[in-house]
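So the structure is just underneath, and the comments pick up after that.
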Amino acid sequence: MAHRTGTVHAEVIPDHTMIIILGTGFDTVVRPDFDSRRLCHGVTDMLYLLSSSSSMHYTTVTLEAWTAEPDQPAASEPWEEHDETRLRLTRGRVYISAMLEGPLTPELDLDGPGDYHIRVHATGRERLLHLERDEHTDPDDMHSGVEHFLVQLWPASAG
């Protein structure tokens with residue numbers, strides 16, 4: 001049975017659609033293939049989340065550490081898109097980053113160094129794009145609370 005061992009949250013302004021989650025051992029930027037229209041890309045000590053919009057807005061990100069694969073969210077939960085990847089962590093701790101300029105959250109302790117499964121759920125992406133296209137929306141409005149990501153991490157050896 002899977003147990004959640006920790007959670008951190010942040011409001012993030014994506015930079016060119018990117019939100020970055022870093023492992024504490026991060027030392028090199030690796031740019032994956034962003035043309036594949038995925039929600040996430042994992043590389044060593046770096047996880048990219050891709051927002052639906054390149055305009056200035058706040059996205060809510062929640063990271064959850066688990067002991068094993070958590071159950072899928074209930075059908076009543078509002079998640080509209082899903083994706084999965086893997087992430088190698090050299091030190092076993094992660095945080096949400098302000099585009100490589102520093103942490104937005106405390107470090108989330110995982111189960112030590114190694115490979116982790118990543119499951120990402122997202123909602124509000126189409127609504128955010130609709131708000132941006134709406135002629136009645138102020139173009140200078142920094143939308144907040146529309147796009148949300150839930151990122152669940154658990155050890156690859158846990159199933």
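Below, each value reflects all heavy atoms present in this structure, side chains not excepted, and no hydrogens, waters or symmetry copies. A quick note: this is a predicted structure, and the numbers were derived from the prediction, not measured.
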Atom [atom1] of [X] and atom [atom2] of [Y]: how far apart are they, to the nearest 0.5 Å?
| X | Y | atom1 | atom2 | answer |
| --- | --- | --- | --- | --- |
| Leu22 | Ser97 | CG | OG | 4.5 Å |
| Leu50 | His16 | CG | NE2 | 13.0 Å |
| Arg127 | His148 | CZ | NE2 | 8.0 Å |
| Leu49 | Ile19 | CG | CD1 | 5.5 Å |
| Asp27 | Met46 | CG | CE | 10.0 Å |
| Thr62 | Gln152 | OG1 | CD | 10.0 Å |

Answer yes if Val61 and Leu89 sit in the same cluster of Ile, Leu, Val, Met, Phe, Trp and Tyr residues linked by side chain heavy atoms under 4.5 Å apart, and no otherwise.
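Both belong to a single hydrophobic cluster.
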Test Cys40 against Leu47 for side-chain contact (heavy atoms from CB on, under 4.5 Å), laying out the working first.
CA-CA 7 Å; Cys40 60; Leu47 175 67; 4.2 Å; yes
Is there a side-chain contact (heavy atoms from CB on, under 4.5 Å) between Asp109 and Thr5 once you walk through the steps?
CA-CA 8 Å; Asp109 286 320; Thr5 59; over 6 Å; no
side-chain contact (heavy atoms from CB on, under 4.5 Å) between Thr44 and Phe26: does it pass, once the steps are laid out?
CA-CA 8 Å; Thr44 300; Phe26 165 78; over 6 Å; no
Between Trp79 and His121, what is the ring plane arrangement, given parallel below 30°, perpendicular above 60°, and tilted in between?
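Ring orientation of Trp79 relative to His121: tilted.
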Please answer whether the main-chain N or O of [Y] pairs with a side-chain N or O of [X] as donor and acceptor at a distance below 3.5 Å.
| X | Y | value |
| --- | --- | --- |
| Asp45 | Gly23 | no |
| Glu80 | Gly124 | yes |
| Thr105 | Ile96 | yes |
| Asp115 | Pro155 | no |
| Arg119 | Pro70 | yes |

Pair Thr123-Glu147, side chain to side chain donor-acceptor pair (under 3.5 Å): steps then yes or no:
CA-CA 6 Å; Thr123 192; Glu147 185 177 55; over 6 Å; no
Exercise: identify the closest heavy-atom pair between [X] and [Y]:
| X | Y | result |
| --- | --- | --- |
| Ser51 | Leu128 | OG-CD2, 4.4 Å |
| Leu104 | Ala10 | CB-CB, 4.1 Å |
| Tyr116 | Asp111 | OH-N, 2.9 Å |
| Ala65 | Leu110 | CB-CD2, 3.2 Å |

Out of the candidates Ile20, Leu63, Leu108, Thr24, only one should pair with Tyr95 under the side chain to side chain contact (heavy atoms under 4.5 Å, CB included) rule; please name it.
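Exactly one pass, corresponding to Thr24.
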Evaluate side chain to side chain donor-acceptor pair (under 3.5 Å) for Thr59 paired with His57, printing each intermediate quantity in order.
CA-CA 7 Å; Thr59 295; His57 67 281; 3.0 Å; yes
Can you confirm whether Val12 sits close enough to Phe149 that some side-chain heavy atom of one is under 4.5 Å from a side-chain heavy atom of the other?
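Side-chain contact under 4.5 Å: no.
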Glu81/Arg125 ion pair, N-O < 4.0 Å
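Here Glu81 pairs with Arg125 in a salt bridge, since their nearest N and O are under 4.0 Å apart.
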Test side-chain contact (heavy atoms from CB on, under 4.5 Å) on His117 and Glu84 and set out the steps.
CA-CA 7 Å; His117 290 287; Glu84 294 187 10; 5.8 Å; no
